[in-house]
Amino acid sequence: MKAVTEFFGCKVFDDRIMKATLSAEVYNSLRSTIDEGQDLDIGVANAVAIAMKDWAVQNGATHYTHWFQPMTGITAEKHDSFITPSPDGGVIMEFSGKELIRGEPDASSFPSGGLRATFEARGYTAWDPTSYAFIKGKTLCIPTAFCSYGGEALDKKTPLLRSMEALNRQALRILRLFGNTTVKCVRTSVGPEQEYFLVDKEMFDRRKDLVFTGRTLFGAKPPKGQEMDDHYFGVIKPRVSAYMEELNEELWKLGILAKTEHNEVAPAQHELAPIYTTTNVATDHNQLTMEIMQKVAAKHGLVCLLHEKPFAGVNGSGKHNNWSVSTDTGVNLLSPGETPYENAQFLLFLCAVIKAVDDYQDLLRIAVATAGNDHRLGANEAPPAVVSIFLGDELTAILKSIETGTPYSAAEKTEMKLGVNVLPNFTRDTTDRNRTSPFAFTGNKFEFRMLGSSNSIACANIMLNSAVAESLKIYADRLEGAEDFEGALQEMIRKTIKDHKRIIFNGNGYDDAWIKEATEQRGLLNYRTTADCLPHLLDKKNVDMLTSHGVYSEAELRSRCEITLENYCKTIMIEANTMVNMARREIAPAVEAYALEVAKTASLKKSVLEDIPLAYESELLKKLSGLTCRISAATDELEQCLLTVGQISDVTEQSAAIRDDLLAQMTKLRAACDEAETVTARKYWPFPTYGDLLFGVG
Ligand code: ADP
Ligand code: MG
């Protein structure tokens with residue numbers, strides 16, 4: 001087998017290939033587009049298109065596609081072949097700069113949340129040269145943004161790029177104030193840790209709930225779950241290890257820096273983490289990673305479940321978004337640094353994040369809101385739906401001393417006054433890692449942990465970048481006009497700490513007492529469900545902030561709100577329909593069949609021996625019949641509720657009814673069915689159980 005260094009990135013039109021195949025002039029021009037956002041000349045685009053096509057054809061590609069991320073949260077592609085007829089009856093392979101830069105997929109079926117009336121169904125895709133093109137199968141994939149004819153973003157990439165630009169603009173203003181004239185560009189980087197489950201494909205196929213909804217809607221607790229904690233970081237089983245090996249190879253070929261892999265807390269649960277990279281590339285890579293995880297699983301007779309909560313009572317899957325801000329000169333602005341001067345700048349960026357997270361708690365919650373993730377946030381393994389920041393003891397103590405104007409006694413006991421030049425040196429926090437915080441500072445980056453495993457990371461980063469850009473803007477506005485820079489800086493840091501310290505919490509985020517304290521004493525938000533939080537996307541403060549930085553227009557925000565709520569409603573209604581179907585056509589008949597066997601046994605026994613004791617059979621029969629009655633009644637009620645809910649036309653009202661009524665009916669039906677599972681003979685049970693699924697992959 002080839003060494004990784006030899007095949008890494010072999011399917012990517014990356015910098016190495018660009019350098020080798022483009023003229024110096026074209027290469028430099030493209031680089032300045034990539035690095036500095038310079039406009040792209042059509043001549044350059046033509047040259048790049050030809051080089052890209054030649055390289056792709058040499059590597060087996062016959063087609064190309066503009067690869068984009070519509071608001072469904074997954075990726076879309078429409079393949080065109082390179083062939084053009086030649087006069088002699090043959091074909092030549094052609095690809096032009098125009099085709100590279102812009103495409104027009106027939107986009108009328110992608111959700112637009114009212115942004116695009118069907119009569120102007122045309123949407124167009126525009127090349128994002130900052131994310132490398134790559135080959136998937138026989139197709140050259142060109143990462144693109146997707147917009148309506150009127151220029152409204154119909155995707156997740158466009159607002160993400162805008163949010164990165166917003167943060168860049170404001171961070172540069174701050175750096176200039178600190179006397180830095182060399183930095184050209186500030187970017188955010190992300191390393192998303194991806195959790196997932198692997199189950200056996202043959203078992204998966206026998207469960208309609210998994211097939212239709214990606215999660216189990218029924219299933220009694222197995223005799224063994226995750227209570228032993230024997231899976232976490234445990235030895236990886238051979239079948240899983242073969243899967244991971246192939247997955248890594250496929251990812252590496254695509255230039256994705258898959259780095260670590262391990263078993264997670266729940267049985268059958270695993271995690272994959274890449275090395276961090278620029279946010280929009282990390283987002284593209286994460287989408288590709290999720291796709292390839294599923295593809296490779298199929299080759300191994302497995303199914304990769306990316307749902308946030310595939311199994312009740314077992315840990316769900318999330319995605320940890322490790323986020324930092326750095327300059328093109330390689331300085332991480334969230335790194336505490338060695339000198340007091342750097343520390344002051346660090347403290348200002350730290351404060352910007354603290355302020356952003358407190359001011360826009362709602363946007364962060366909204367960014368991760370899906371029907372699936374609602375099961376996780378607030379359950380006892382994931383961060384709660386309440387947003388708070390973990391800073392660790394040392395940073396918290398430093399902030400406290402700044403707030404109160406009292407000396408901070410670090411190890412070397414430097415007395416701290418508040419002047420920039422006498423800020424103390426401090427090092428990476430050495431306290432234990434806190435795994436329960438939704439938003440944790442981990443040395444030189446923040447780890448936002450509320451994302452669900454199937455979420456696109458775009459949304460979380462759009463909100464995070466924008467909110468931090470807003471804090472920085474407020475700071476820059478104030479500092480640029482200040483006569484006494486250092487005095488104003490100190491004052492602002494102190495004020496931020498005072499105003500926003502309520503968001504800092506270093507304790508156990510899973511604790512009920514915390515939720516009480518957070519909501520009752522600190523006034524933090526607790527939006528438990530998607531239906532609760534989503535309407536707040538359109539709160540004035542949020543619309544004002546996001547539009548003022550040019551990240552979203554108001555119309556774009558309305559469309560996102562509508563699409564997300566619609567998605568929530570549809571998802572849960574499909575689940576409810578699936579439950580009705582399974583309960584009526586599989587579960588109730590199975591319980592009845594078993595009851596019949598019990599009845600037959602009793603009757604046969606009695607025909608042999610008149611006074612034989614039949615307590616077991618009669619009790620069981622009573623129980624089984626009672627359960628089928630309960631199942632049948634609950635199925636009817638759920639079906640009725642579905643009808644009622646389905647008639648509500650306003651999506652906000654519908655989502656509230658689903659949250660309040662439909663989910664409760666689903667829980668009721670599930671309870672009856674799960675109880676039936678525990679008393680029905682195994683051979684009658686119509687589909688694999690939790691035990692089968694969770695422990696079935698050897
Ligand atoms: P953990 O102990 O949580 O696994 P790691 O340091 O291994 O922490 O990092 C987890 C993820 O964070 C990886 O994807 C890693 O690449 C990413 N990461 C590390 N440093 C940074 C940084 N400065 N900015 C963004 N992500 C980072
Ligand atoms: Mg982590």
Side-chain angles (χ1 to χ4, degrees), residues 1-12 59-60 75 134-138 191-207 210-211 214-216 222 224-226 228-275 285-308 310-311 314-320 453-454 688-698:
M1 213 189 81
K2 273 197 191 166
V4 179
T5 46
E6 273 175 59
F7 70 81
F8 185 86
C10 66
K11 293 185 172 180
V12 187
N59 285 279
T75 55
F134 56 90
I135 297 173
K136 201 162 52 118
K138 289 187 175 299
E193 300 165 57
Q194 174 75 50
E195 292 181 337
Y196 61 99
F197 279 85
L198 285 179
V199 297
D200 185 82
K201 169 90 167 76
E202 190 264 334
M203 289 189 202
F204 172 94
D205 286 338
R206 283 160 55 207
R207 295 212 42 146
L210 286 178
V211 171
R215 76 176 179 109
T216 56
K224 179 179 172 182
Q226 65 187 49
M228 303 290 285
D229 278 335
D230 51 358
H231 190 255
Y232 192 49
F233 280 60
V235 177
I236 299 173
K237 293 177 183 165
R239 209 168 147 199
V240 174
S241 144
Y243 165 79
M244 287 178 171
E245 213 170 281
E246 185 172 346
L247 176 60
N248 281 336
E249 260 171 50
E250 289 304 314
L251 295 175
W252 289 336
K253 284 184 201 161
L254 285 165
I256 297 173
L257 295 154
K259 174 83 173 164
T260 58
E261 58 201 17
H262 60 79
N263 286 348
E264 263 299 328
V265 174
Q269 192 184 29
H270 313 280
E271 182 187 292
L272 180 140
I275 296 172
H285 281 181
N286 185 249
Q287 293 297 127
L288 267 177
T289 301
M290 291 194 284
E291 184 183 326
I292 290 164
M293 279 177 149
Q294 284 164 310
K295 238 185 224 162
V296 173
K299 286 172 75 178
H300 290 254
L302 299 167
V303 176
C304 171
L305 302 178
L306 289 170
H307 194 283
E308 283 75 18
F311 304 99
V314 173
N315 274 6
S317 299
K319 186 137 58 186
H320 292 175
S453 45
S454 70
T689 63
Y690 267 32
D692 300 333
L693 288 164
L694 288 168
F695 297 94
V697 177

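Residue numbers start at 1 and run along the sequence shown.
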- Do the non-hydrogen side-chain atoms of L198 and V240 ever get within less than 4.5 Å of each other? yes
- Task: Report yes or no: do E261 and N248 form a side-chain donor-acceptor pair below 3.5 Å?
- Result: yes
- How would you list, by chain and number, every residue that makes a salt bridge (charged side-chain N to carboxylate O under 4.0 Å, His left out) with E245, sequence neighbours excluded? none
- Task: Go through the structure and list residues passing side-chain contact (heavy atoms from CB on, under 4.5 Å) with E202, not counting sequence neighbours.
- Result: D200, R206
- Message: For a side chain to side chain contact (heavy atoms under 4.5 Å, CB included) check, start with the C-alpha distance between N315 and Q269, then their side-chain angles and the critical distance, and finish with the verdict.
- Response: CA-CA 9 Å; N315 274 6; Q269 192 184 29; 4.1 Å; yes
- Task: Sequence neighbours left out, what passes side chain to side chain donor-acceptor pair (under 3.5 Å) with Q194? Give chain and number order.
- Result: N286, K319
- Pairwise distance OG(S453) to NE2(H320) - rounded to 0.5 angstrom: 10.5 Å
- Message: The criterion is side chain to side chain donor-acceptor pair (under 3.5 Å); which residues satisfy it with K138, sequence neighbours excluded?
- Response: none
- Hey, are the side chains of M293 and L247 touching, using non-hydrogen atoms and a 4.5 Å cut-off? yes
Let me check something: any side-chain donor-acceptor pairs from residues 251-259 under 3.5 Å, sequence neighbours excluded? List them with distances.
residue: W252; atom: NE1; partner: A258; partner atom: O; Å: 3.1
residue: K253; atom: NZ; partner: E250; partner atom: OE2; Å: 3.3

In residues 689-698, what donor-acceptor pairs under 3.5 Å come from side-chain atoms, sequence neighbours left out?
residue: T689; atom: OG1; partner: G691; partner atom: N; Å: 3.4
residue: T689; atom: OG1; partner: D692; partner atom: N; Å: 3.3
residue: T689; atom: OG1; partner: D692; partner atom: OD2; Å: 3.2
residue: Y690; atom: OH; partner: T216; partner atom: OG1; Å: 2.6
residue: Y690; atom: OH; partner: A312; partner atom: N; Å: 2.9
residue: Y690; atom: OH; partner: R670; partner atom: NH2; Å: 2.9
residue: D692; atom: OD1; partner: R682; partner atom: NH2; Å: 2.9
residue: D692; atom: OD2; partner: R682; partner atom: NH2; Å: 3.0
residue: D692; atom: OD2; partner: T689; partner atom: N; Å: 2.9

- Qualifying residues under side-chain contact (heavy atoms from CB on, under 4.5 Å), relative to D205, sequence neighbours excluded: K201
- Contacts of H270 that satisfy ring pair (Phe, Tyr, Trp, His ring centres under 6.0 Å) - sequence neighbours left out: Y196, H231
- In terms of heavy-atom contacts, does NZ of K237 have more than 12 from other residues, nucleotides or ligands at under 6.0 Å? yes
- Item | Residues that S454 engages under side chain to side chain donor-acceptor pair (under 3.5 Å), provided they are two or more places apart | E308
- Heavy-atom closest pair (C10 atom, N59 atom, distance to 0.1 Å) is O-OD1, 4.4 Å
- Message: Taking side-chain contact (heavy atoms from CB on, under 4.5 Å) as the definition, give me every residue that meets it alongside E249, ordered by chain and number, with sequence neighbours left out.
- Response: M1, F7
- Query: Any donor-acceptor pair under 3.5 Å linking the side chain of E195 with the backbone of G318?
  - Reply: yes
- Query: Which pair of non-hydrogen atoms, one from H300 and one from R239, has the smallest distance, and what is that distance?
  - Reply: O-NH2, 3.4 Å
- Query: Taking all non-hydrogen atoms of both residues, which atom of P274 and which atom of P192 are closest, and how far apart?
  - Reply: CD-O, 2.8 Å
- All side-chain contact (heavy atoms from CB on, under 4.5 Å) counterparts of P310, not counting sequence neighbours: F197, L305, H307
